[in-house]
There are 2 protein chains.
Amino acid sequence: MDKHTPITITLAQRDEAVTITRWVYDTLHNAVLLGQIPPGRALTIRELAGLLEVSPMPVREALRQLSAEGALEIQGNRRVMVPRMTAMKFNELVEARITLESHAAERALPYIDKDCLQRLTAIDAEIDEAEANSDPENVTRLNQAFHRTIYTAHPHQVTQPLIESLWLQLGPFMRLSAESLDEYYQIDRHQEALAAIEKHDPLALQMAIAADIRDGCAFAKIPSKLQQLLN
Amino acid sequence: MDKHTPITITLAQRDEAVTITRWVYDTLHNAVLLGQIPPGRALTIRELAGLLEVSPMPVREALRQLSAEGALEIQGNRRVMVPRMTAMKFNELVEARITLESHAAERALPYIDKDCLQRLTAIDAEIDEAEANSDPENVTRLNQAFHRTIYTAHPHQVTQPLIESLWLQLGPFMRLSAESLDEYYQIDRHQEALAAIEKHDPLALQMAIAADIRDGCAFAKIPSKLQQLLN
DNA sequence: GGATTTAAAATGTGATCACAATTTTGTGAT
DNA sequence: ATCACAAAATTGTGATCACATTTTAAATCC
């Protein structure tokens, strides 16, 4: 899988009045999150430039940014790829998510007002709809929006970029989660979170967030899924 | 302070067989960490290129990487600077450090062997020496090395890049800490940490790390220092 | 004098090019 | 077939250039 594996990337919407570099970044960011680029697959500047029909320069910049964010990895001698996963690393990423996101949720709780709560409820409804339609990509996207809305309620938030980095590192492997979610009864952790917010109960909110993250990554406990993770 | 404030950057050691981009990155990374670039000061590619006597290209790449790491901030319309600090943000950064580094320390503890412990003791001795010599820059550097040595003992570490990002964001303001450290009696938190490691006591280690971070940032509680922070 | 407009200088973005280092391919021997 | 090795193609790095946008300055007006 070092080369020649064809990759298909869904192009981000080309907003006018935005730099090409930014557009390339958004496109690749999404591709990584959706697992459209196989881990270990060598990425070259010129190949991506051709694929996206832009000059190599914006690709170069986007690749460096994504590498700094942990979405990509620069091999020993300047070759870039989506990092390969290991069982240990996956576990560490999940534990880091729980710690960091519990912290972010607790800090943000005092700032979640009625309006914010209403937006959260709306997102949760959309998630239910996407789940009913078996639309895993939107479930993932909306789930992230749910969490992001909570954390960024804090006006002096500093952990969101770190959390996004963890999401990026887990992203390529979460499609395995989406495939097996419905196979298991899942308690609605978002409802628990919303209830905790209404009661202004920091501990209950942390517990709900932690449980939600654990549920979302539970697929890694299934041997067959774990194997796919590492392939 | 938008422009024309002259800045002096100590150049990193120019290791042969390393890319220019990497050297520029190291140089600017250090400059930010040591507070050599005033927050809010506009940085231009060409100015830095002239200062470091390289072409604009490597500077461009380094700036983008540093921005992705939170060391620099890209203003509304493409102007880059060291982010300005606020009291609230400073507090959030410190709390994030405590949460994340406590977590990292606890995770790493089982992997800290005799050899690692010995290295930690050696670093601690160096810190005492640097403190005796009133060498704040080395105190800062060695203190980071102490923490990094603990966290990276874990072979599947994933939080170190996130921690480094927080260090970078606090870096420009830690010189204010170094100036006022000796004014207050300080309990040696590193000794507490070493003791906790020897006893394999996770909670005690977390407490020592948290206290160490708090002590190091306590200067922000002094009104006059806080004012300097925000200038 | 101080605010507003206008001209000049500087800047980021993106494209193209040269080159050394790396990777891949092609060739021949075992 | 498998491996070793040399030739060819590809790649990342870094430099330079053009241009639209922004910033800075000078000039004008109240």
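None of the values given here were measured: they were computed from a predicted structure. Below, chain A is the first sequence line, B the second, and so on; all start at residue 1.
As a whole-Å value, the separation of A/Gln75 CD from D/dG12 P is 12 Å. Rounded to a whole Å, the CE atom of B/Met81 is 13 Å from the P atom of D/dT23. Straight-line distance from the CH2 atom of B/Trp23 to the C1' atom of D/dG14: 14 Å, rounded to whole Å. Rounded to whole Å, the distance from CD1 on A/Ile20 to C1' on C/dA15 is 10 Å. In this structure, B/Arg41 places its CZ atom 10 Å from P of C/dT11, rounding to the nearest Å. Residue B/Ile74 contributes atom CD1, which lies 16 Å from atom P of D/dT22 at whole-angstrom precision. One interatomic measurement links the two molecules: OH of B/Tyr25 to P of D/dG14, which rounds to 16 Å at whole-angstrom precision. The distance from atom CD of B/Glu47 to atom C1' of C/dG12 is 15 Å, rounded to the nearest whole Å.
Of the candidate nucleotides C/dG14, D/dA15, C/dG12, C/dG12 has the atom nearest to the side chain of B/Ile45. In this structure, the nucleotide among C/dT23, D/dG12, C/dA15 sitting nearest to the side chain of A/Arg79 is C/dT23. Taking the side chain of B/Thr44 as heavy atoms from C-beta on, and the options C/dT11, C/dG14, C/dT23, the nearest nucleotide is C/dT11.
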Stepwise side chain to side chain contact (heavy atoms under 4.5 Å, CB included) check, A/Glu164 with A/Tyr151 | CA-CA 11 Å; A/Glu164 300 269 354; A/Tyr151 312 146; over 6 Å; no
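To the nearest 0.5 Å, the span separating NE2 on A/His29 from CD on A/Glu69 amounts to 7.0 Å.
Nucleotide C/dT30: paired with D/dA1 (Watson-Crick or G-U wobble, both distances less than 3.5 Å).
Remark on DNA chain D: of its neighbouring residues B/Glu61 and B/Arg46, the 5'-side contact belongs to B/Glu61, judged by nearest-heavy-atom nucleotide.
Contact annotation: B/Thr21 reaches the phosphate of D/dG14 (side-chain N/O to OP1 or OP2, under 4.0 Å).
In this model, no side-chain donor or acceptor of B/Arg64 finds a partner on the base of C/dG12 within 3.5 Å. Looking at B/Arg60, its side chain has no donor and acceptor atom pair within 3.5 Å of the base of D/dG14.
Using a 4.5 Å cut-off on side-chain heavy atoms (C-beta onward), A/Glu131 and A/Pro136 make no contact.
Screening B/Val54, B/Val80, B/Val59 for a side-chain contact (heavy atoms from CB on, under 4.5 Å) with B/Leu48, the sole residue that qualifies is B/Val59.
For the 3.5 Å distance criterion, the side chains of A/His190 and A/Asn143 qualify, holding a donor opposite an acceptor.
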